[in-house]
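Chain letters run A, B, ... following the sequence lines, proteins first, then strands; residues in each count from 1. This one's a predicted model, so the numbers in the text were calculated from it and none came from an experiment.
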Number of protein chains: 2
Amino acid sequence: MSSAASIPLRPASSRDLILLAARAEFADHGFDGARLQAIAARAGVRHPTLLYHFESKELLYRAVIESVVGDWAVETEAAISTGLRGFDQVAALVDAGFRFFERNRDFVRIVRREAIEGGGRMEAQMAEFVRPFLEDAVRFLRREMRGGRLRRHDPLELMQVIYGAVFTYFSDARFRANLTGEDPLDARALRRHERALMKLLGAALEPATGS
Amino acid sequence: MSSAASIPLRPASSRDLILLAARAEFADHGFDGARLQAIAARAGVRHPTLLYHFESKELLYRAVIESVVGDWAVETEAAISTGLRGFDQVAALVDAGFRFFERNRDFVRIVRREAIEGGGRMEAQMAEFVRPFLEDAVRFLRREMRGGRLRRHDPLELMQVIYGAVFTYFSDARFRANLTGEDPLDARALRRHERALMKLLGAALEPATGS
DNA sequence: CGCACTCTACTGACAAGTCAGTATAAAAGT
DNA sequence: ACTTTTATACTGACTTGTCAGTAGAGTGCG
C-alpha cells in the first residue's frame, strides 16, 4: 500500500493521496475512530503533513465529504436526465446507484455514518444537498403514476425503500459477507442482487400484469 | 436527570441504569465516540462506578449488545412461530420488526454501526446469532414459493432487501427528519411507511393479480 | 533568495483505567 | 443487644497513554 511512496513519479499530489487515504480511514472507523496517524501512514507521509494541507481533522473530514458528495452529484445528475419514462427511468437510476457505489464503496459507509449520527457533523449540509434530488424524483414518480406508466405507490416512501435497500447492500456488505461466506461486493453477487431488486421493483411498479 | 439520585426507592439497580445509559450513548456516538463520563452522567453516577460493574469500556459495550440482541431474539422467535402461511407470515415478520424497532430505537443504530464496521467489535458473534434465523426465513420463503403461495423471487436477496428497507428507516430516521421536516418515528409517519412497504411487498409477492 | 512542502520533536488536553479510601448494611461472634 | 468482621457499592484523586495540533528546522526547486 505504501510501496510507491518513495517514487517521485507524480503519484498524484500528496493532497489527493491524503484525501483518498482519509476517505478510506473515515469509512472504516468513523470520525472519532479515525486516527490522523493512520491516515498519514496510508498516504505515506507524517501526520503533520495532513495538517499542513488541511487545517484540522474536522476540515479534512469536510473535504472528504465534499469530494465524495461531489462525485455522486455528477453521476446522479447524468442518470436522471435521460428522458426515459416509467420503470425504465427507475431502473436506470437504481443501476446508476449500483455502479457508482460499486466504484465508491467508502462513500456509502461515510454517508451512512452521517445518517445514523443524527446530530451529525455534516448532516444538515447533506440534507440540503439531497433534498432537490429527492423532490425531483418524487415529482417524476408522481407524474408517471398519474400517467399510468407506473403503478400507484407513495412516491416518497418508495424512494425511501429503494434508498434503504440499495444503500444497505453496500454499507453492510461486510456483515453480509460474514453471514453468507461469499463476498457481496464481488461482481457476480452484485449483479445477482441488482437483478433481484429490479425484479421486485418491476413486479410492484410495472403496470402490465406480466408473469 | 439526577433528581432521583438521592431517593433510595429502588430506581432500578444502578447496574441497569448504567446499561440503559450506555445503550443510548453508544447508539448516539458509536464505541469510539462514546465517553464513559457521559454514560456515567446519564446514569447519575461517577465513571469509576461503571468500571466497578463492568471491567472495561469494551466489556460494557459487549454487555449492551448482548442485552439488546437478547431482547430482539425473543420477539423475533415469537413472530416466526405463528404457523401463518404465504404473505401473511411475511407481513407478520415485517410488522414485528417495526414494532420492536419502534420501541428499541437505539438497538437499530448500534447494530447498524456494527454492520458498517466490518472488522467490527462483535460482528462475528452477531452473524453467528442471525444466521439460523436467516436460514429459517429462507427455507420458509422457498417452501411457500414452491407451494405457489408466494411469487418466485430469490429468497436470500428478498430478505436482504426487506432488512435493508426496514432497518434503514429506523437507523437513518434523523437524517430523514432533516430532509422532510417531519419526525419519521412519530407513530403516524411510521404507520404510513409500514403500509407503503407492505403494499410494495404485497404487489411483488402475492400470487393473485388483484388491483 | 524565497516559496512550497515535509520532516522531527514536542505539548496540552483529555479519556480510560487504577487505587486507596468512605459509607452502608448484612453476617458472625460474644 | 452490641461490637467486630466482611462484602457491596461507590467516589475523588491520580497515573498513564494517546491523539490532535504546534513549532521550527530542513529540503529542494524555480
Answer yes or no: does a side-chain N or O of [X] lie under 4.0 Å from OP1 or OP2 of [N]?
X: B:S14; N: D:dC10; value: yes
X: A:T49; N: C:dC5; value: no
X: A:R46; N: C:dT8; value: yes

Do NZ/NE/NH1/NH2 and the carboxylate oxygens of A:R191 and A:E102 come within less than 4.0 Å?
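Salt bridge between A:R191 and A:E102, a charged N being under 4.0 Å from a carboxylate O: yes.
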For residues A:R131 and B:T180, is any side-chain donor paired with an opposing acceptor at under 3.5 Å?
no
Whole-Å distance separating the [atom1] atom of [X] from the [atom2] atom of [N]:
X: B:R35; N: C:dG17; atom1: CZ; atom2: P; result: 12 Å
X: A:Y61; N: D:dA20; atom1: OH; atom2: P; result: 15 Å
X: B:L36; N: C:dG17; atom1: CG; atom2: P; result: 6 Å
X: A:L51; N: D:dA23; atom1: CG; atom2: P; result: 12 Å
X: B:Y52; N: D:dA9; atom1: OH; atom2: P; result: 4 Å
X: A:K57; N: D:dT22; atom1: NZ; atom2: P; result: 15 Å
X: B:L60; N: C:dA15; atom1: CG; atom2: P; result: 16 Å
X: A:H29; N: D:dC19; atom1: NE2; atom2: P; result: 11 Å

Supply the atom-to-atom distance B:R42 CZ to B:L17 CG, rounded to the nearest 0.5 angstrom.
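Output value for this atom pair is 13.0 Å.
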Classify the nucleic acid contact of [X] as base, sugar-phosphate or nothing, counting any heavy atom under 4.0 Å across all strands shown.
X: B:A43; value: nothing
X: B:A34; value: sugar-phosphate
X: A:H53; value: sugar-phosphate

Per the ring-ring contact (aromatic ring centres under 6.0 Å, His included) rule, what does the pair list look like for residues 76-95 of chain A, sequence neighbours excluded?
none
Would you kindly compare B:H47 and B:I18 by the position of their nearest DNA chain D nucleotide and give the one closer to the 5′ end?
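The answer here is B:I18.
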Would A:R121 and A:F31 count as a cation-pi pair here, with the cationic atom under 6.0 angstrom from the ring centre and within 45° of the axis?
yes
